[in-house]
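Scroll down for the structure; my scribbles are underneath it.
What you are looking at is a predicted structure, and each value in this text was computed from that prediction instead of being measured.
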Amino acid sequence: MTARGEAGPRVAVVVPVHGNEATLAELADRLGAALAGRPWRLRLVVDASPDASAAVARTLAAADARIAVTELAVNVGQHAALAHGLAEEAAADVWVCLDADLQDPPEAVPLLLDRLAAGDVAAVFAGRRGRYESPLRRLTGTLHRRVAGRLTGLPPDAGAFLAMGPAVRAAVVTAVREQGAPSVVLAVGRAGRPVASVPVVRDRRPVGRSAWTARARLRQSLGSLAWAVRARR
C-alpha cells in the first residue's frame, strides 16, 4: 500500500551500516526528501557495527514505518550485507544500493530511478566522479573498475551505488548468497542484462574514516577479479 499522494514503482533502498552512527539520521532525512512523492522503504542492514549504529537505526525505524532494520550478529562485509537486505525487501519493484557514509549523495537516487524507468536497461550505476578520496585511492579504484569492466562488460565507472529491476535483483541475491560472488557489482555483470551508468559526483566523508585499509582493498580487488575471471569460463 502507498501513502496518499505517492505514485510510481515501490522503491526499496538497501544500506549496509558499519560505523555510521553519525550519518544515519541525515541519510534518512535526505533520502526521504529526495524520494518525496514516491513510495519508498529504507532497510538499514547493521553489519555487526561496533558503535551505536544499531541503536540509532532502531530509533529511526520507530519514528518512521518506512524504515526497517536488520541487525547482523556477525560482520559479513558490505556486499554480503547488501545481498541480505535485497533478499529481505522482496515486495519492492525497484531496488537501490547506497552507502551509509554520505559519500553517495541520496539526492542522486531519482536520477538512477528515472534512467531505469526508460526501460532499455535492467540496472543503472551511479558513475563515480569527483575528488572523494585521496589521489592514490582514486587511481587504484579506477584501475580496478576498468579491469572489472573488461571482464564483465560493466561500465568502467560502476560502483556499489546503483538501481536495479527484479531480474537483476534476483540474480544478485543468488550470485552473492549461493554462488560466492564477492561483489554486488560483479554479480550484476554476471546477470548478463543490459546496464547503463549516469555520472554522479561523490562527496567526501563528512565524519570518520573508511574501515577499508589498503590491504583490505587490495584483497577485495584481487578476490573480485579472480571470481570474475572464473565466471567467464
Side-chain angles (χ1 to χ4, degrees), residues 10-20 23-24 27-28 31 40-49 53-54 57 61 67-106 108-109 112-113 116 122-126 128 141 144-145 148 152 154-155 158-191 193 195 197 200 202 210-212 216-217 219-221 223-224 227-228 231:
R10 297 165 296 176
V11 180
V13 181
V14 179
V15 177
V17 178
H18 187 83
N20 304 115
T23 56
L24 291 183
L27 171 69
L31 184 67
W40 61 270
R41 279 175 55 82
L42 168 62
R43 180 165 293 276
L44 301 169
V45 184
V46 183
D47 189 16
S49 185
S53 289
I67 300 176
V69 182
T70 297
E71 296 184 46
L72 304 179
V74 178
N75 180 260
V76 298
Q78 174 190 12
H79 295 276
L82 282 170
H84 196 108
L86 289 170
E88 289 193 298
E89 288 296 330
D93 301 306
V94 180
W95 293 262
V96 174
C97 296
L98 179 72
D99 281 352
D101 59 11
L102 296 179
Q103 285 194 277
D104 296 334
V109 171
L112 306 185
L113 297 177
L116 186 65
V124 179
F125 292 93
R128 294 191 170 197
H144 167 83
R145 286 188 292 274
T152 62
L154 292 175
F161 182 13
L162 72 153
M164 66 189 83
V168 172
R169 174 255 179 190
V172 166
V173 171
T174 298
V176 175
R177 303 187 80 183
E178 301 177 18
Q179 299 171 353
S183 163
V184 164
V185 178
L186 295 181
V188 173
R190 176 72 181 274
R193 303 284 179 141
V195 302
S197 69
V200 172
R202 299 190 87 213
S210 173
W212 281 97
R217 282 167 59 96
R219 185 170 57 247
Q220 171 71 13
S221 177
S224 295
W227 184 88

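Rounded to the nearest 0.5 Å, atoms CG (L27) and CG (L102) are 6.0 Å apart. Once rounded to the nearest 0.5 Å, the distance linking OG of S183 with NE2 of H79 reads 4.5 Å. Here H18 contributes atom NE2 and D47 contributes atom CG; the two are 6.5 Å apart, rounded to the nearest 0.5 Å. The CG atom of L98 sits 10.0 Å away from atom CG of L162, with the distance rounded to the nearest 0.5 Å. Atom CZ of R128 is separated from atom CZ of R202 by 4.0 Å, given to the nearest 0.5 angstrom. Note that CZ of F125 is 10.5 Å distant from CG of L112, once rounded to the nearest 0.5 Å.
Between D99 and V15 there is no side-chain heavy-atom pair separated by less than 4.5 Å. Using a 4.5 Å heavy-atom cutoff, the side chains of V11 and L113 are in contact. Contact check for W95 versus V168: no side-chain heavy atoms found under the 4.5 Å cut-off. Residues V200 and P105 have side chains in contact (heavy-atom distance under 4.5 Å, counting atoms from C-beta outward). Residues V124 and S197 have side chains not in contact (no heavy-atom distance under 4.5 Å, counting atoms from C-beta outward).
The two atoms that bring V14 and G85 nearest to each other are CG1-CA, 3.7 Å, heavy atoms only. A123 and V188 make their closest contact through CB-CG1, 4.1 Å (heavy atoms, listed as atom of the first residue, atom of the second, distance). Residue P16 comes nearest to A81 through the heavy atom pair CB-CB, 4.0 Å, listed as atom of the first residue, atom of the second, then distance. A83 and V173 make their closest contact through O-CG2, 4.0 Å (heavy atoms, listed as atom of the first residue, atom of the second, distance).
More than 12 heavy atoms of other shown residues, nucleotides or ligands fall within 6.0 angstrom of atom CZ in R41.
With L24 as reference, V17 is the one residue of L42, I67, V17 to meet the side-chain contact (heavy atoms from CB on, under 4.5 Å) rule.
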What verdict does the side-chain contact (heavy atoms from CB on, under 4.5 Å) test give for V172 and L86, after you've listed the backbone C-alpha separation in whole Å, the side-chain angles of each residue and the deciding distance to 0.1 Å? CA-CA 9 Å; V172 166; L86 289 170; 3.9 Å; yes

Could you walk me through whether R177 and H84 satisfy the side-chain contact (heavy atoms from CB on, under 4.5 Å) test, starting with their C-alpha distance in whole Å, then the side-chain angles of each, then the deciding distance to 0.1 Å, before giving a yes or no? CA-CA 8 Å; R177 303 187 80 183; H84 196 108; 3.9 Å; yes

side-chain hydrogen bond (donor to acceptor under 3.5 Å, both in side chains), that's the test. Do N20 and D101 meet it? Break it down for me. CA-CA 6 Å; N20 304 115; D101 59 11; 5.5 Å; no

Could you walk me through whether V185 and L154 pass the side-chain contact (heavy atoms from CB on, under 4.5 Å) check? CA-CA 9 Å; V185 178; L154 292 175; 3.7 Å; yes

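Between the side chain of R190 and the main chain of A171, no donor-acceptor pair closer than 3.5 Å is present. With hydrogens and angles disregarded, no donor-acceptor distance shorter than 3.5 Å links the side chain of S53 to the backbone of S49.
With sequence neighbours excluded, the residues forming a salt bridge (Lys or Arg N to Asp or Glu O under 4.0 Å) with R43 are E88, E89, listed by chain and number. A54 pairs by the side-chain contact (heavy atoms from CB on, under 4.5 Å) definition with V46, R58, E71, not counting sequence neighbours.
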